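Read the structure below first, then the notes.
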Amino acid sequence: MINKKNIPNDSGDIQQIKNTLQRCISFKGTLARFHFWECMIIGYLFYSFFSLTEIPHFNIIGWFCYFYIALSSYQKRCRDLNIKGTWLVIGVSVFFITTGIIVSPDITKTDFLFLIFKIIFLIYLGIYLYAQFMPGKKEKNVNLICPLLKYPNVYFASCVVLYFMAYFVVKSYNN
């Protein structure tokens, strides 16, 4: 005789995964510190998964997924902190664009490029630590929005265009 209480509810697990992914890619609402960390890990898992494929330059698609999730997470975390977070969004965007260029195998890594990346990385590290460890405010303003992310998909598409422009400029400079 089978004990039905021990059989996992697959539809409930799938629904929970769907809700977590929805929380990570949605620009609505707020994120507490734990959920912020959770979304950043999920974004990195997307990048890691796409990086494992044999398809050339497929890792950049994963990187853009990670970037999109990060933008969403930082915007919601800023609402939790009751700040617009324009400078945080700019810092995150610059970090993801430059890191995407640095990890590209087509780009020759120069000392100057690494110096710029180190500075941007330190700024991003400060932004990440601030977003991760600052306690949220009791009165959260869910209507607070960074002016850059008023239309998040347009902003994201603009960042993708900036990435490709910067990629080709750096690539032509290195050759």
Side-chain angles (χ1 to χ4, degrees), residues 24-25 27 30-52 56-137 144-175:
C24 289
I25 62 171
F27 280 83
T30 63
L31 275 181
R33 289 186 279 185
F34 175 75
H35 294 298
F36 173 75
W37 182 77
E38 177 185 56
C39 288
M40 294 302 285
I41 294 293
I42 289 171
Y44 187 75
L45 288 174
F46 271 103
Y47 169 64
S48 298
F49 174 74
F50 280 97
S51 294
L52 292 174
H57 302 291
F58 209 57
N59 64 337
I60 198 64
I61 294 172
W63 191 250
F64 287 140
C65 292
Y66 186 17
F67 179 35
Y68 191 84
I69 289 172
L71 280 177
S72 165
S73 300
Y74 278 98
Q75 175 63 67
K76 292 188 285 188
R77 186 70 182 123
C78 286
R79 285 188 194 126
D80 190 53
L81 297 170
N82 260 351
I83 59 174
K84 283 189 177 183
T86 303
W87 291 108
L88 271 71
V89 169
I90 290 172
V92 169
S93 301
V94 168
F95 170 75
F96 274 89
I97 290 170
T98 56
T99 305
I101 292 169
I102 288 285
V103 299
S104 175
D106 297 345
I107 302 297
T108 305
K109 280 59 170 182
T110 62
D111 290 338
F112 180 70
L113 200 57
F114 272 127
L115 176 65
I116 291 172
F117 177 71
K118 286 177 188 177
I119 293 168
I120 291 171
F121 176 76
L122 289 174
I123 292 169
Y124 176 76
L125 184 61
I127 291 169
Y128 175 79
L129 292 174
Y130 174 78
Q132 180 63 44
F133 293 112
M134 286 299 293
K137 305 292 184 198
L144 198 61
I145 191 164
C146 169
L148 297 172
L149 294 177
K150 187 171 183 173
Y151 301 104
N153 293 331
V154 172
Y155 179 76
F156 179 73
S158 301
C159 287
V160 170
V161 168
L162 280 174
Y163 163 79
F164 283 110
M165 288 172 44
Y167 171 80
F168 288 116
V169 166
V170 171
K171 187 175 177 180
S172 68
Y173 176 74
N174 282 335
N175 291 334

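For clarity, every value in this text was computed on a predicted model and none was experimentally measured. The chain is numbered in sequence order, starting from 1.
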L129 meets the side chain to side chain contact (heavy atoms under 4.5 Å, CB included) criterion, sequence neighbours left out, with L125, F133

Heavy-atom closest pair (F50 atom, C65 atom, distance to 0.1 Å) is CE1-SG, 4.3 Å

Side-chain heavy-atom pair I145, Q75 within 4.5 angstrom cut-off:
yes

Interatomic distance, CG@L115 vs CD1@I120, rounded to 0.5 Å, equals 10.0 Å

Exercise for the section: Look at the aromatic rings of F96 and Y124 and report parallel, tilted or perpendicular, splitting at 30° and 60°. Expected result: perpendicular

Residue pairs passing the side chain to side chain donor-acceptor pair (under 3.5 Å) test with at least one member in residues 146-170, sequence neighbours excluded, are Y68-N153, S93-Y155, D106-Y167

Salt bridge (Lys or Arg N to Asp or Glu O under 4.0 Å) pairs touching residues 65-79, sequence neighbours excluded, are R77-D80

Here the pair of heavy atoms bringing C78 nearest to G85 is SG-CA, 3.6 Å

When you compare the side chain of P135 with that of R33, does any pair of heavy atoms fall below 4.5 Å?
yes

Task: Near-ring test F46/F67, centroid separation under 6.0 angstrom - done: no

Treating S172 as the side-chain partner and V169 as the backbone partner, does any N or O pair qualify as donor plus acceptor under 3.5 Å?
yes

Worksheet item: Does the gap between the ring centers of F36 and Y74 come in under 6.0 Å?
Response: yes

